[in-house]
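Take a look at the structure set out below.
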Amino acid sequence: MPKTESLLLYNTLKREKQVFVPQDPERVTMYACGPTVYNYAHIGNARPAVIFDLLFRVLSSLYPKVVYARNITDVDDKINASAAEEGVPIEVISRRYSDAYHEDMGALGVGLPSIEPRATEHIPQMIDMIEHLIASGHAYEVEGHVLFSVESFDAYGALSGRDVSEMLAGARIEVADFKRHPGDFVLWKPSVDPQPGWDSPWGWGRPGWHLECSVMSEYHLGETIDIHGGGQDLVFPHHENEIAQSVCAHGGKTFARYWMHNGFVTFNKRKMSKSLGNTLVVHELLKHTRGEVLRYLLLSAHYRQPLDWSEEALARVQRTVDRVYGVIRDAEAKFGPLKAASSPSGEFMSALLDDLNTPEALAELNSEARRLANAKDIEDARISAGRLLAAAALIGLFQQDPQSWLAGDTQGLDDALIDALIEERNASREQKNFARADEIRDQLQEMGIVLEDSADGTRWRRS
RNA sequence: GGCCAGGUGGCAGAGUGGUUAUGCUGCGGCCUGCAAAGCCGUCUACGCCGGUUCGAUUCCGACCCUGGCCUCCA
């Protein structure tokens, strides 16, 4: 693959990398499937949030205007179940967990999208789309349900590579007997009392899951959008169904021009999922791991590859992040404040432009860090640091003050005490009283403080 | 069964038809009072079998293995 100035994206629809050409360079549109807010996000849920945040950043560096919509699914049977269990309205549940989602993703350096539409705020538009689909013969009402007819859409199965006629041939799942085709899916379903519902031409009910993305994407971004993303497990049926709804509702117009899907976070090579009981909740991880480390870890494998989670991987990344911060700190101690250049190196950009090759981009960033550590004069330091910090800013890493990062959370520790001990140790070293000096070093070590001596004095960081 | 990924050095993880990925770890060295941090060097890498080629880890075919989707799922 030659170095390129263009952005290449792997399009699930074509199963190959393609040069990204926006529909309208003045307004690039992207949509990513966001969370269903019925509990805390796990690290697997965080992967697409980080990946599409990165894509948003990269696109924004390339085009004057990028509109990124990431929905919040706030009406769903799991939310209903959670609300019923606690005896509270669904809004309490959805509000609590969407707030938590923002907080947790924020800790991972994930910014807010341009638009964050909620399903419950688009019920009228959903009803409107359903009416269009019924009128055009793509949907039918039966027993208070409205179903999409997959046989009415020739291209059904194109994204996931499935053949409708062969589909569900050996279906083990129970198929509601009112479906004309076992693959038909719900656009609207009736609600009974404790469940949330809205009035509609088909009675009191609530929308099917797939519908919201089609509707909100159209409402906020337009009938044809540039990029649609989500986890690999959404390819079928979710995204396949979104395509069917949107294309049929829009008279055959393309729904999304590029489809991107991230691989899973795995645990012992198995997909992390609630049913396997092997999820790690971000909210919990953040209690002992800083968000930036998690972000680096999530970017350390290519987004389409599986990312196997392990404590070793976490520790490894922790060290790497510390090392780069240490290099920046040392360089600033030697050369004074350093700041980001106007743009990262060409190599770094090429890596990102090649379908968001973050491992290669991080390799480049690390190489730049080594060049910075080796800088002989302020000129070298400025060039390397400029590239390093510009690259880091683009991907949302290394934005904190290095010394603060390395000092970490010295909860309960008294900085003045640390400084006093360091001073005493250095005085002892002056007097060649190394026994006392080492005793102090050991004492600090036990407090979780590691000392680093240099020509410019002694620095410390949390171990 | 259908469809889709992937098997790279001690580990993680990119990439490439012939040349250094990068990170972590181990080992040797520099630096240091000794360390730590940093730097330098270093450790028989490309699942198996065929084929194409002057040359394949990289292209083609078969095989073995792993994982995912086909049901809610990032």
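In the text below, chain A, chain B and the rest are named by the order of the sequence lines, each starting its count at 1. For the numbers below, each heavy atom of this structure counts, side chains included, while hydrogens, waters and symmetry mates do not. These figures come from a predicted structure and were not determined experimentally.
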*With respect to the side chain of A:Lys269, which nucleotide from B:A12, B:C72, B:G23 is positioned closest?*
B:A12
_Which label fits A:His261 and A:His239: parallel for a plane angle under 30°, tilted from 30 to 60°, or perpendicular past 60°?_
tilted
*Could you tell me whether A:His42 contacts a base, only the sugar-phosphate backbone, or nothing, with contacts defined as non-hydrogen atoms closer than 4.0 Å?*
base
*Between A:Asp322 and A:Arg319, is there a salt bridge with N-O shorter than 4.0 Å?*
no
*asked:* Side chain of A:Arg316 only, heavy atoms from C-beta on: which candidate in B:C70, B:G23, B:G67 is closest?
replied: B:G23
*When we call it a touch if two heavy atoms are under 4.0 Å apart, what does A:Lys271 touch: a base, just sugar-phosphate, or nothing?*
base
*asked:* So, OP1 or OP2 of B:G2: does either fall under 4.0 Å of a side-chain N or O from A:Arg162?
replied: no
_Using a 4.0 Å heavy-atom cut-off, does A:Val265 contact any base of the nucleic acid, only the sugar-phosphate backbone, or nothing at all?_
base
*Treat primed atoms plus P, OP1 and OP2 as sugar-phosphate and everything else as base, then score nucleotides 28-40 of chain B 5' to 3': B for base contact with protein heavy atoms under 4.0 Å, S for sugar-phosphate contact only, - for none.*
-----BBBBSSSS
*Give each stem of RNA chain B as a range with a range, requiring at least 3 consecutive Watson-Crick or G-U wobble pairs whose two distances are under 3.5 Å.*
B:1-7 with B:64-70, B:10-12 with B:22-24, B:26-30 with B:38-42, B:49-51 with B:59-61
*asked:* Over all strands shown, is A:Asn357 touching base, sugar-phosphate only, or nothing at heavy-atom distances under 4.0 angstrom?
replied: sugar-phosphate
*At under 4.0 Å between heavy atoms, what does A:Asn366 touch on the DNA or RNA strands: base, sugar-phosphate, or nothing?*
sugar-phosphate
